[in-house]
Amino acid sequence: MTLAPVFRSESSAQFLRERGVIERLAPHAQAQRQALRDLHAMLPQVIDRRYLHADPALPADDLFFVQDHFFLLLFRSLFDTLGAGPRLDFYTRLNICIKGLITAADNLFDDEFKELIPLKLGAGRKFASIVQLMSFERLIRHLGEGEIAAGRIARAEFEEGNRDFFTLLTSIGTLEGSEESGVESVYDVEAMIDAVHRVRGGNLFALAFSFPGRAEADTARWDAARDGIERLGTAFQIVDDLTDFEFDLHRRSNNLLVSVIAHRGTAEERARLAELQGAVDALEGEEWEAKREKVFAAGDVIADHFLGSATEVLRLARREARLAFETLAGVGFWFDPADSDEVVHAIVGLEGVRRMESIVEGESAASR
């Protein structure tokens with residue numbers, strides 16, 4: 001899972017405008033653009049220019065930029081609230097590198113290629129992902145050395161933060177690795193959230209706190225904020241399971257909707273789930289795109305067959321997000337916890353927008 005672009009629907013974009021989120025994040029968007037330029041300018045220190053394209057253009061429109069960088073901008077704004085002061089730009093650049101490193105690792109796990117560095121390497125997606133991962137790891141080291149030399153962070157703090165970061169990253173990778181050959185059983189619902197979503201999503205978001213957790217003095221507020229961000233990451237992963245339902249059936253990996261269907265769903269839902277899993281497994285050896293076309297081509301499988309259980313998954317995501325923003329409000333963060341449901345509905349990429357709208361509409365119709 002990566003921090004993909006979110007708030008893609010027109011209604012969620014309208015929410016960003018009307019609730020003042022874009023206005024609040026605008027100065028952080030400006031700083032984030034500069035941080036991206038700075039990192040691109042640093043790349044020749046870690047790889048020769050002949051392997052780099054020109055710097056990519058960045059969206060000038062704040063709406064598009066917020067959609068592309070929402071979580072990193074939220075982290076930056078939160079760090080500003082917590083009093084990061086002269087280290088704020090350092091944390092901003094670090095989090096861009098962390099996102100890039102995670103994206104490269106995710107490329108390797110899922111055999112995809114999302115590029116965050118303008119590499120010029122020719123063919124070979126896996127190699128490009130390896131180079132991207134190693135480049136961001138080296139940029140993190142360069143950034144740390146610069147801050148140490150400037151006296152804004154002690155070497156011991158940076159090294160401890162780097163170890164904390166790698167430890168959290170390892171926890172996520174261990175979970176991902178445990179699913180490579182598929183899972184044999186389905187956790188019950190709350191165990192799934194604790195064992196999977198608080199690791200894959202919660203620890204992913206907590207990576208942003210690895211270095212501040214060592215360098216900042218007001219540990220109580222920073223620890224509370226980290227707890228809130230971990231819950232937000234958990235909510236994000238829960239929502240991601242709705243988008244990735246079919247892909248997770250194909251991989252036989254952990255998925256909360258599968259857990260809800262298996263342990264709380266109707267007999268009809270359980271029978272349909274078994275039928276779909278059997279159809280996917282029968283196409284063993286075929287590529288994912290072929291499986292998707294043959295098994296899932298018609299309609300929306302969740303809206304058509306699993307709306308009741310999907311609504312329960314959405315409720316669980318809302319619970320985590322509400323607790324997240326209530327915790328962040330407790331440390332003085334500006335985001336209104338009353339808007340947490342809107343965030344849950346909006347933290348899907350383009351592929352998940354229509355599905356989320358169908359679930360919310362179906363939930364509303366069922367309550368009438």
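Along the sequence shown, residues are numbered consecutively beginning with 1. Note that this is a predicted model, so its numbers are computed, not measured.
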Residue pair [X] / [Y], side-chain heavy-atom distance below 4.5 Å:
X	Y	answer
Leu143	Leu39	yes
Leu207	Ile172	yes
Leu121	Tyr51	yes

Salt bridge check: are [X] and [Y] linked by an N-O gap of less than 4.0 Å?
X	Y	answer
Glu268	Arg272	no
Arg315	Glu312	yes
Glu145	Arg155	yes
Arg8	Asp68	yes
Arg198	Glu320	yes
Arg226	Glu230	yes

Are any side-chain N or O atoms of [X] and backbone N or O atoms of [Y], one a donor and one an acceptor, separated by less than 3.5 Å?
X	Y	value
His197	Met192	yes
Gln132	Leu116	yes
Glu342	Asp339	no
Thr103	Lys99	yes

Is there a side chain to side chain contact (heavy atoms under 4.5 Å, CB included) between Phe306 and Val313 once you walk through the steps? CA-CA 11 Å; Phe306 304 114; Val313 172; over 6 Å; no
Could you grab the distance from atom [atom1] of [X] to atom [atom2] of [Y], nearest 0.5 Å is fine?
X	Y	atom1	atom2	value
Leu63	Ile22	CG	CD1	4.5 Å
Asp248	Gln277	CG	CD	10.0 Å
Leu273	Thr266	CG	OG1	10.5 Å
Arg141	Gln45	CZ	CD	14.5 Å
Glu361	Arg354	CD	CZ	11.0 Å
Ser77	Leu82	OG	CG	9.5 Å

Go through the steps to decide whether Asp300 and Ser358 satisfy the test side chain to side chain donor-acceptor pair (under 3.5 Å), and finish with yes or no. CA-CA 9 Å; Asp300 184 328; Ser358 296; 4.7 Å; no
Going through the distances and angles, do Glu159 and Arg163 end up as a salt bridge (charged side-chain N to carboxylate O under 4.0 Å, His left out)? CA-CA 6 Å; Glu159 295 297 346; Arg163 186 178 64 248; over 6 Å; no
For the hydrophobic clusters of this structure (ILVMFWY residues joined by side-chain heavy atoms under 4.5 Å, transitively), does one cluster hold both [X] and [Y]?
X	Y	result
Phe136	Met42	yes
Leu169	Phe109	no
Leu283	Val280	yes
Leu78	Leu323	no
Phe247	Ile102	yes

Before giving the answer on salt bridge (charged side-chain N to carboxylate O under 4.0 Å, His left out), spell out for Glu147 and Arg152 the whole-Å C-alpha distance, their side-chain angles and the decisive distance to 0.1 Å. CA-CA 5 Å; Glu147 294 299 298; Arg152 287 186 288 267; 2.8 Å; yes
Closest approach of Ala215 to Ile153 (non-hydrogen atoms, all atoms of both residues):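 Distance-wise, the nearest heavy atoms are CB-CD1, 4.0 Å.
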Hey, can you tell me if [X] and [Y] have their rings parallel, tilted or perpendicular (30° and 60° cut-offs)?
X	Y	result
Phe325	Phe335	parallel
Phe90	Phe211	perpendicular
Phe15	Phe7	parallel

Please determine whether salt bridge (charged side-chain N to carboxylate O under 4.0 Å, His left out) holds for the pair Glu246 and Lys294, giving the CA-CA distance in whole Å, both sets of side-chain angles, and the decisive distance to 0.1 Å. CA-CA 12 Å; Glu246 295 93 331; Lys294 292 176 181 178; over 6 Å; no
Any chance you could lay out the side chain to side chain contact (heavy atoms under 4.5 Å, CB included) test for Ile117 and Leu52, step after step, and finish with the verdict? CA-CA 8 Å; Ile117 287 179; Leu52 296 169; 4.2 Å; yes
Please determine which of Ile96, Leu101, Leu94, Leu43 meets the side chain to side chain contact (heavy atoms under 4.5 Å, CB included) test together with Leu139.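 The passing option is Leu43.
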Measure from NZ or CZ of Arg33 to the centre of the six-membered ring of Phe65, then state whether that distance is under 6.0 Å and the direction lies within 45° of the axis.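 Satisfied, under 6.0 Å and within 45°.
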Can a side-chain donor-acceptor contact be found between Asn203 and Ser171 if the only test is distance below 3.5 angstrom?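 Short answer, yes.
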Kindly list each side-chain donor-acceptor pair under 3.5 angstrom involving residues 181-189, sequence neighbours excluded, with atom names and distances?
unit_1, atom_1, unit_2, atom_2, d
Asp188, OD1, Ala191, N, 3.0

Output, in order, the C-alpha distance, side-chain angles, deciding distance and verdict of side chain to side chain contact (heavy atoms under 4.5 Å, CB included) for Leu74 and Phe70. CA-CA 6 Å; Leu74 198 74; Phe70 177 75; 4.2 Å; yes
Determine, using ring centers only, whether Phe75 and Phe205 are less than 6.0 Å apart.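 When the ring centroids of Phe205 and Phe75 are compared, they turn out to be within the sub-6.0 Å range.
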Step-by-step side chain to side chain contact (heavy atoms under 4.5 Å, CB included) determination, Leu257 to Ile261: CA-CA 6 Å; Leu257 179 56; Ile261 294 167; 3.9 Å; yes
Not counting sequence neighbours, list each pair that qualifies as a side-chain hydrogen bond (donor to acceptor under 3.5 Å, both in side chains) and has a residue in residues 81-97.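 Pairs touching residues 81-97 that pass the test: Asp38-Arg93, Arg76-Asp89, Arg76-Thr92, Arg87-Tyr91, Arg87-Glu216, Tyr91-Glu216.
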Are Glu284 and Arg252 close enough, and set up right, to give a salt bridge (charged side-chain N to carboxylate O under 4.0 Å, His left out), and what steps lead you there? CA-CA 12 Å; Glu284 184 178 358; Arg252 275 194 172 271; over 6 Å; no
